[in-house]
2 protein chains.
Amino acid sequence: MTAEDSAAAQAWQAMRSLVLDSNDKREAVSAALGMSFIRAKALRHLAPGPMSMSELAKSLATDASYTSIVVEDLAARGLVGRSVHPADRRVKIVTITATGLDAAQQAERIIGAPPPAFRALAEERLATLLGLLDELLSIEARSSGDSLETA
Amino acid sequence: MTAEDSAAAQAWQAMRSLVLDSNDKREAVSAALGMSFIRAKALRHLAPGPMSMSELAKSLATDASYTSIVVEDLAARGLVGRSVHPADRRVKIVTITATGLDAAQQAERIIGAPPPAFRALAEERLATLLGLLDELLSIEARSSGDSLETA
DNA sequence: GCGGTTATTTGTAGGCGTACGATTATTAGC
DNA sequence: GCTAATAATCGTACGCCTACAAATAACCGC
């Protein structure tokens, strides 16, 4: 194990610890919204705009059949609506409602709120951190974008 | 939303994305070891040394009764052994076997391996990143003193 | 129009984990 | 000794999610 390996492993472990230990807000989101986490996740994914069932299923990485159950439940709560795609009547378009958007934003507020430690970090160091994280993400995007540009 | 909030939120989102999107190795660990993730987690927690059932349950944040099921399964696989506490015969001490340690180390290798992007980062930047992450962790440790948990 | 394909839904079976209640063995307090 | 508390286990019921198989409706190429 070289020194670089060790530093990379330590950074990875630290990052995992920050995200997974005591900053996992999934339970809090479920409790606040009164629904399973994947339902809240569906709302968050639908917030930017409508999506077909299959697109939603892919985006949530869930089975198509289970996606139907989730959307049916969200529709029963009045958080999403379903309409038929005008050009392809097989496709159903799922659209978030105003109430649903409120719930999605509430979830986003809980999940997206950075841990207190982030706010305690000096502004300049925070900027450095953000730059490094963005660099990591762009490296990831480059290397995985080569092999798959999925339709 | 101030600029600091935004930077902190962006950094938090980026970090969450790095850890949770496409670098979640739990499924890989389950597949490699042929057991549910919580069983692998139990092995990793037992690797440093023996533990009583109740200690293990607390460390895994699982119900005591379910912990019995998990340990029974691990014992049936020969990955852990159970013995009675010499001073309190109610207590059972769970000890990892050599085979179990192999499995735990295999899991640790899979989970602890930093994503490729980390290795593509320049050595000096990696050191900077590690320093910032350690700073965040130490801030966390200072402010919320007694929560030591590892996923 | 016919046959094959696709999108969605329904149904079924099961794994994983949570939450409790009850049981047994053992220890500790009085 | 008797009683209460504790550690572990067993049992049961349930929620959440996966994985398939099958049914239905609508599309597409021919």
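The figures here come from the full heavy-atom set of this structure, side chains too, leaving out hydrogens, waters and symmetry mates. The chains referred to below are lettered A, B, ... by the order of the sequence lines, with proteins before strands, and numbering in each begins at 1. Note that the structure is predicted; figures quoted are calculated from it, not measured.
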Honestly curious: do [X] and [Y] fall in one hydrophobic cluster under the side-chain, below-4.5 Å linking rule?
X	Y	answer
Y66(B)	V71(B)	yes
L101(A)	L43(A)	yes
M51(A)	V91(A)	no

Problem set entry | Nucleic acid contacts of residues 102-110 of chain A, taken as heavy-atom distances under 4.0 Å to DNA chain C |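 Of all residues in residues 102-110 of chain A, none places a heavy atom under 4.0 Å from DNA chain C.
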Problem set entry | Any residue of residues 29-50 of chain A with a heavy atom less than 4.0 Å from an atom of DNA chain C |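 Contacting residues: none.
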Problem set entry | Letter per nucleotide, 5' to 3', of nucleotides 19-30 of chain C [B base touched, S only sugar-phosphate touched, - untouched; heavy atoms, 4.0 Å] | BB-----BS---
Exercise. So does S52(A) get a side-chain nitrogen or oxygen closer than 4.0 Å to the phosphate oxygens (OP1/OP2) of dA7(C)?
Worked result: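 Checking dA7(C) against S52(A), no side-chain N or O comes under 4.0 Å of OP1 or OP2.
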Exercise. Pairs in or reaching into residues 68-77 of chain A: which pass side-chain hydrogen bond (donor to acceptor under 3.5 Å, both in side chains), with residues at least two apart or in two chains?
Worked result: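 Sorted pair list: R39(A)-D73(A), E72(A)-R82(A), D73(A)-R77(A).
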Problem set entry | Upstream residue (5' side of DNA chain D) when I93(B) and V70(A) are each assigned their closest nucleotide |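 Final value for this comparison: I93(B).
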Exercise. Can you tell me if T95(B) uses its side chain to pair, donor with acceptor, with the backbone of P50(B) under 3.5 Å?
Worked result: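 The answer is no, because no donor-acceptor pair under 3.5 Å joins these two groups.
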Exercise. Would you say the side-chain atoms of S17(B) pair up with the backbone N or O of Q13(B), donor to acceptor, closer than 3.5 Å?
Worked result: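 No, the answer is negative, given that no donor and acceptor are paired below the 3.5 Å cut-off.
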Rounded to the nearest 0.5 Å, how far does [atom2] of [Y] lie from [atom1] of [X]?
X	Y	atom1	atom2	result
I110(B)	K25(B)	CD1	NZ	8.5 Å
L132(B)	L136(B)	CG	CG	7.0 Å
N23(B)	L18(B)	CG	CG	6.5 Å
R119(B)	W12(A)	CZ	CH2	12.0 Å

Exercise. Should Q10(B) and S6(B) be marked as a side chain to side chain donor-acceptor pair (under 3.5 Å) after you check the CA-CA gap, both sets of side-chain angles, and the distance that decides it?
Worked result: CA-CA 6 Å; Q10(B) 285 178 45; S6(B) 180; 2.9 Å; yes
Exercise. Do L129(A) and M15(B) have side-chain heavy atoms sitting under 4.5 Å apart?
Worked result: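 Contact flag for L129(A)/M15(B) side chains = yes.
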Exercise. What does T67(A) touch in the nucleic acid at a heavy-atom separation under 4.0 angstrom: a base, only the sugar-phosphate, or nothing?
Worked result: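 If one applies the 4.0 Å heavy-atom cut-off, T67(A) turns out to touch nothing in the nucleic acid.
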Exercise. Earliest and latest nucleotide of DNA chain D, 5' to 3', sitting under 4.0 Å from a non-hydrogen atom of chain A?
Worked result: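 So the contact region on DNA chain D extends dC16(D) to dC27(D).
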For this session: Could you identify which residues cluster with V84(B), counting Ile, Leu, Val, Met, Phe, Trp and Tyr as linked when any side-chain heavy atoms lie under 4.5 Å apart, either directly or through a chain of such contacts?
Result: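 Reading the cluster by chain and number, V84(B) sits alone, since nothing else belongs.
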